[in-house]
Amino acid sequence: MLKKWRILILLVVFGLTAMYYVYIMSESSTTAGVTIAEVNKNSIVVVNAVGEKTKLIVPRGIDTSCLNKKDFYFVDYYSNIFRKSTLREIHKAY
């Protein structure tokens, strides 16, 4: 009986550790050169050089009113398989 509890506790600990690495440690930062496809109140849609569209959630501190759809920008954003991509920085490419 005691051996079954030890195995169960080990499985729970290993499961929680695996979930931590998948959920927390899988967040990565992506930097890309993009053009702006769409600007909404709290999100923007960007198109990279390959043509892939990515929707980015814009935090409150970033002003998107001055973005021009014809210009080229460098964006830095957090990407995670469990959460929506969140914009960190955006700079106009010169």
Side-chain angles (χ1 to χ4, degrees):
M1 180 77 170
L2 186 61
K3 190 173 185 177
K4 289 182 182 180
W5 280 102
R6 285 184 184 172
I7 292 173
L8 181 64
I9 290 172
L10 280 174
L11 286 175
V12 168
V13 169
F14 285 133
L16 291 174
T17 304
M19 285 177 50
Y20 170 78
Y21 279 108
V22 169
Y23 188 73
I24 302 295
M25 300 300 284
S26 68
E27 185 170 287
S28 63
S29 179
T30 304
T31 303
V34 299
T35 56
I36 306 296
E38 185 179 333
V39 178
N40 294 326
K41 183 179 179 182
N42 59 355
S43 66
I44 61 173
V45 178
V46 296
V47 180
N48 64 11
V50 182
E52 297 174 339
K53 290 185 178 182
T54 305
K55 183 177 182 179
L56 304 175
I57 303 300
V58 179
R60 292 182 187 174
I62 298 177
D63 182 27
T64 59
S65 63
C66 60
L67 297 178
N68 187 356
K69 291 184 179 181
K70 296 179 181 178
D71 291 333
F72 193 75
Y73 295 92
F74 290 115
V75 295
D76 187 22
Y77 61 92
Y78 291 119
S79 56
N80 188 318
I81 58 173
F82 296 107
R83 298 184 217 159
K84 294 183 179 178
S85 299
T86 304
L87 182 67
R88 285 181 38 190
E89 296 180 48
I90 185 165
H91 299 287
K92 187 174 181 181
Y94 294 103

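Expressed to the nearest 0.5 Å, how far CD1 of I62 lies from CD of E89 amounts to 8.0 Å.
Residue pairs satisfying the salt bridge (charged side-chain N to carboxylate O under 4.0 Å, His left out) criterion with at least one member in residues 31-47, sequence neighbours excluded, are absent.
With hydrophobic clusters built from ILVMFWY side chains whose heavy atoms lie under 4.5 angstrom apart, V45 does not share a cluster with L67. Under a hydrophobic-cluster definition in which Ile, Leu, Val, Met, Phe, Trp and Tyr are linked whenever side-chain heavy atoms come within less than 4.5 Å, directly or via other members, Y78 and L87 are assigned to different clusters. Residues V47 and V75 are members of separate hydrophobic clusters, defined by side-chain heavy-atom contacts under 4.5 angstrom among Ile, Leu, Val, Met, Phe, Trp and Tyr.
For the pair I36 and I90, the minimum side-chain heavy-atom distance is below 4.5 Å.
In this view, A93 and F72, F74 satisfy the side chain to side chain contact (heavy atoms under 4.5 Å, CB included) rule, not counting sequence neighbours.
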Which atom pairs, one a donor and one an acceptor, fall under 3.5 Å between side chains of residues 48-60 and the rest of the protein, sequence neighbours left out?
| from | atom 1 | to | atom 2 | distance (Å) |
| --- | --- | --- | --- | --- |
| N48 | OD1 | V50 | N | 3.2 |
| N48 | OD1 | G51 | N | 3.1 |
| N48 | OD1 | E52 | N | 2.9 |
| N48 | ND2 | E52 | OE1 | 3.3 |

- Might you work through the side chain to side chain donor-acceptor pair (under 3.5 Å) test for S79 and S85, ending with a clear yes or no? CA-CA 5 Å; S79 56; S85 299; 5.5 Å; no

- Message: Show, in sequence, the C-alpha distance, side-chain angles and deciding distance for D76 and T30, and conclude whether the side chain to side chain contact (heavy atoms under 4.5 Å, CB included) test is met.
- Response: CA-CA 6 Å; D76 187 22; T30 304; 5.8 Å; no

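Between C66 and D63, the closest heavy-atom pair is SG-O, 4.3 Å.
When atom types are taken as modelled, the side chain of Y73 and the backbone of N68 share a donor-acceptor pair closer than 3.5 angstrom.
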